[in-house]
Structure formats: C-alpha cells, structure tokens
Protein chains: 2
Amino acid sequence: MSVTIDRTFSALADPTRRAILARLALGETTVSDLAQPFLGSMSLPAISKHIKVLENAGLIIKGQDKQSRPCRLNAPAMKEAADWIETYRAYWEESFDRLDAYLKTITTPSSKGKTNGKRSEGQ
Amino acid sequence: MSVTIDRTFSALADPTRRAILARLALGETTVSDLAQPFLGSMSLPAISKHIKVLENAGLIIKGQDKQSRPCRLNAPAMKEAADWIETYRAYWEESFDRLDAYLKTITTPSSKGKTNGKRSEGQ
DNA sequence: AGTTAAATAAACCAATCAGTTAATTAACAT
DNA sequence: ATGTTAATTAACTGATTGGTTTATTTAACT
C-alpha cells in the first residue's frame with residue numbers, strides 16, 4: 001500500500017503542521033516567518049523539523065533565496081489523501097439520512113412535513 | 001485546537017487501519033472477521049489494538065452480540081477531517097492550472113515566460 | 001576578516017506507537 | 001463442571017516522534 005498517503009495523513013495529524021499549512025495557504029513565506037507565531041511555545045529547530053516532515057510528505061516545497069528558505073504549498077500531494085477520504089462521503093451522508101429518519105420517528109407522532117430536505121444522492 | 005481531528009488523521013495514517021475501514025465500508029462485521037486477512041502477518045491482539053485506535057478516533061462503533069463484537073463504520077467522524085482537507089481543494093486545482101500554464105510557456109516558440117511566482121492572494 | 005542572520009544538524013530525552021507472547025475475561029455449549 | 005470461542009489485558013520490546021539545547025553551515029553585510 002501507498003506509503004506516501006501514510007506520510008500525508010501522518011503529517012496532517014499534528015496541529016502545528018496544519019497551522020503551518022494554513023499559513024502557507026495565504027502565500028509563500030520563509031521558515032522564520034512560519035515559525036514566528038510559535039516561538040513563544042517552541043523552539044526554531046522544532047519548527048524546522050515540522051517543516052521537514054511536511055516536505056517529506058510532499059505537502060510543501062522549500063526553495064532557497066539568499067539565506068532564506070521560502071516555502072510554498074504543494075497542495076496536489078493532499079489530493080491523494082482527499083481522494084481516499086472522499087470515497088467515504090457517501091457513508092457519512094447516508095448516516096445523516098438515517099439520523100434524519102430517526103429524528104422524524106421521534107418528532108412526528110402527528111406533525112406536519114417539515115423535514116422535506118432530500119439528502120440522498122443515490123450511488 | 002481540535003484533538004479529535006488529530007486522532008482522526010493519526011488513525012488514518014496506518015494502512016492496516018485504512019484497510020479495516022475499507023472492509024467495514026462493505027458492511028458491519030466482527031473483530032475476528034476483520035482480523036482474518038491480516039492473521040498471516042500479524043497477531044489478533046495487534047488488530048484488536050488497531051480497532052481500538054479507530055474506535056477512540058470515533059471512526060467506528062463497536063457493539064456486542066454474544067461473544068462477538070460487531071463493528072461498523074461511523075463515517076461522520078471522517079467528515080471533520082474531510083472538511084479540513086477540502087478547504088485546500090482550490091489550491092491543488094489552482095496548482096494544476098499553474099502547471100498547465102507553465103507547460104504552455106515552455107512549449108511555446110516565444111518562450112521567455114519568467115513567472116514571478118507570486119500567488120494571487122486575497123479573495 | 002569578523003559579524004550577523006537564517007536555517008539545519010547533532011546529540012540527547014521522554015513519551016507514544018506498533019508489534020509480540022502469555023494470561024485473562026466473558027459468553028456460550030456440552 | 002469443563003471446555004470452546006471471541007476478544008481484551010498485561011507486560012514487555014524496539015522504533016519513531018516531538019521536543020530540548022548546543023553547535024554548525026551558509027550567505028550576506030559591513
């Protein structure tokens with residue numbers, strides 16, 4: 001099985017790393033800049049390591065400009081993970097249908113049809 | 001920050017656990033049944049632990065029927081992770097657009113396309 | 001040449017993880 | 001009562017993770 005998707009999900013499992021990705025979604029920036037919001041609670045080498053994890057997962061690409069290492073999102077690497085997770089969309093939507101049905105059974109002994117929202121997509 | 005999404009991504013980072021989820025997408029089944037395809041390469045307690053990780057992440061729900069523990073998908077727990085990752089869809093789609101544009105610049109006779117790498121921020 | 005700035009590497013540590021084997025619980029069947 | 005089946009718990013191990021502090025690289029600026 002794909003080891004890259006392992007690394008992708010594993011990289012996304014850390015809140016600091018997700019925050020770094022969120023920052024990068026606003027635009028390319030350097031390691032120092034990415035580290036700045038965290039330096040109160042962790043060291044620069046810690047951030048450097050997080051960035052390396054993201055890089056190894058293919059989620060970001062690190063360049064070089066003088067001493068700086070400008071990082072940018074490499075979002076397509078996320079696509080594989082997104083595609084995997086998307087195959088389950090039908091299941092959680094189906095579950096909402098079941099919740100919907102359940103709510104009807106407990107709220108409509110004599111009620112009018114309020115929940116006409118059709119969620120089933122068919123598959 | 002949300003510790004539940006941490007646990008979700010972390011649970012999804014393991015191929016055995018993803019295989020278990022894939023099996024459960026076909027329908028509810030017991031721990032033994034889930035373990036069966038893996039017993040050549042790992043022990044039952046190992047699978048039992050994987051299932052507990054999935055349960056703690058809220059990705060599956062474990063019931064009881066006589067001695068068996070029937071497990072079923074609880075896909076809505078995946079939705080939070082899916083939603084997070086979906087916010088980046090625009091970026092990987094845009095990236096493909098940019099790749100497309102880049103390929104055009106290098107295959108065009110008049111190529112002197114010096115891209116400034118600046119991403120369109122703000123929206 | 002010496003200094004500063006940006007980032008990483010090295011060495012270390014505690015905690016968590018993924019697996020093992022052996023023992024145990026719980027429910028059922030003789 | 002005894003045994004069988006399904007699954008978990010306990011105790012242990014080696015590898016990985018996430019962080020630290022200190023030292024080093026690399027490139028620019030006087």
Side-chain angles (χ1 to χ4, degrees), chain A residues 1-21 23-24 27-72 74, chain B residues 1-21 23-24 27-72 117:
Chain A
M1 269 287 182
S2 174
V3 77
T4 77
I5 198 170
D6 289 22
R7 280 201 282 250
T8 305
F9 278 130
S10 180
L12 296 180
D14 185 279
T16 302
R17 289 192 293 258
R18 288 198 307 278
I20 289 172
L21 291 176
R23 169 63 188 82
L24 287 177
E28 176 169 322
T29 192
T30 67
V31 171
S32 317
D33 247 37
L34 288 170
Q36 196 274 332
F38 303 101
L39 291 182
S41 55
M42 80 181 65
S43 69
L44 182 59
I47 297 293
S48 187
K49 283 185 179 184
H50 278 305
I51 287 174
K52 172 143 291 182
V53 169
L54 291 169
E55 198 182 9
N56 289 339
L59 288 167
I60 70 174
I61 291 174
K62 202 167 18 174
Q64 177 148 7
D65 175 43
K66 307 179 193 274
Q67 302 106 318
S68 299
R69 308 292 193 286
C71 303
R72 65 177 201 274
N74 187 36
Chain B
M1 270 285 176
S2 173
V3 79
T4 78
I5 197 169
D6 289 22
R7 280 202 284 250
T8 303
F9 278 131
S10 181
L12 295 180
D14 184 280
T16 302
R17 289 193 291 259
R18 288 198 307 277
I20 290 172
L21 291 176
R23 168 63 189 81
L24 287 176
E28 176 169 322
T29 191
T30 67
V31 170
S32 317
D33 247 37
L34 287 170
Q36 196 273 332
F38 302 102
L39 291 182
S41 55
M42 80 180 66
S43 69
L44 182 59
I47 298 294
S48 186
K49 283 185 179 183
H50 278 305
I51 288 175
K52 171 144 291 183
V53 170
L54 291 169
E55 199 183 10
N56 289 339
L59 288 167
I60 70 175
I61 291 173
K62 202 167 17 175
Q64 177 149 6
D65 174 42
K66 305 179 192 280
Q67 302 104 317
S68 300
R69 308 290 194 285
C71 304
R72 65 177 201 275

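A, B, ... follow the sequence lines: proteins, then strands. Residue 1 opens every chain.
- Listed here is the closest heavy atom pair of B:Leu44 and B:Leu39: N-CD2, 3.9 Å.
- Contact annotation for B:Thr30: backbone-only contact, meaning every heavy-atom pair under 4.0 Å involves sugar-phosphate atoms and none involves a base.
- The nearest whole Å value for the distance from the CD atom in A:Glu55 to the C1' atom in C:dT8 is 11 Å.
- Rounded to a whole Å, the CG atom of A:Asp14 is 13 Å from the P atom of C:dC17.
- Among A:Arg18, A:Arg7, A:Lys49, A:Arg17, the one residue that satisfies the side chain to side chain contact (heavy atoms under 4.5 Å, CB included) test with A:Leu54 is A:Arg17.
- One distance of note links CD1 of B:Ile51 with SG of B:Cys71; it measures 4.5 Å at 0.5 Å rounding.
- Here A:Lys62 reaches the OP1 or OP2 of C:dT8: one of its side-chain N or O atoms lies under 4.0 Å away.
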Report all interatomic pairs (protein N or O, nucleotide N or O of nucleotides 24-30 of chain C) with separations under 3.5 Å.
residue, atom, partner, partner atom, Å
C:dA27, N3, B:Gln67, NE2, 3.1

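- The line from CD1 of A:Ile5 to CG of B:Leu12 is 8.5 Å long, rounded to the nearest 0.5 Å.
- Regarding contacts with the backbone of C:dG19, every side-chain N or O of B:Ser43 stays at 4.0 angstrom or more from both OP1 and OP2.
- Between A:Leu34 atom CG and C:dT8 atom P the separation is 10 Å, expressed in whole Å.
- Atom pair A:Met42:CE and C:dC13:C1' shows a separation of 17 Å (rounding to whole Å applied).
- Taking atom CD1 of residue B:Ile47 and atom P of nucleotide C:dG19, one finds them 8 Å apart after rounding to whole Å.
- Within the structure, every side-chain polar atom (N or O) of A:Ser68 is placed at least 4.0 Å from both OP1 and OP2 of C:dA6.
- Between A:Arg7 atom CZ and D:dT17 atom P there is a gap of 10 Å when expressed in whole angstrom units.
- Take the nearest nucleotide of DNA chain D for A:Ala46 and for B:Lys52: the residue whose nucleotide is more 5' is B:Lys52.
- What separates CG of B:Leu54 from P of C:dA18 is a distance of 11 Å, to the nearest Å.
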**Request:** I would like to know whether A:Met42 and A:Thr16 meet side-chain contact (heavy atoms from CB on, under 4.5 Å); could you show each step before the answer?
**Result:** CA-CA 10 Å; A:Met42 80 181 65; A:Thr16 302; 3.8 Å; yes
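- In this structure, the CD1 atom of A:Ile51 is 13 Å from the P atom of D:dG19, given to the nearest Å.
- At least one side-chain nitrogen or oxygen of A:His50 sits closer than 4.0 Å to the OP1 or OP2 atom of D:dG19.
- When all heavy atoms of A:Gly58 and A:Asn74 are compared, the pair lying nearest together is O-ND2, 2.9 Å.
- Considering all non-hydrogen atoms of both residues, B:Ser10 and A:Ala13 come closest at N-CB, 3.5 Å.
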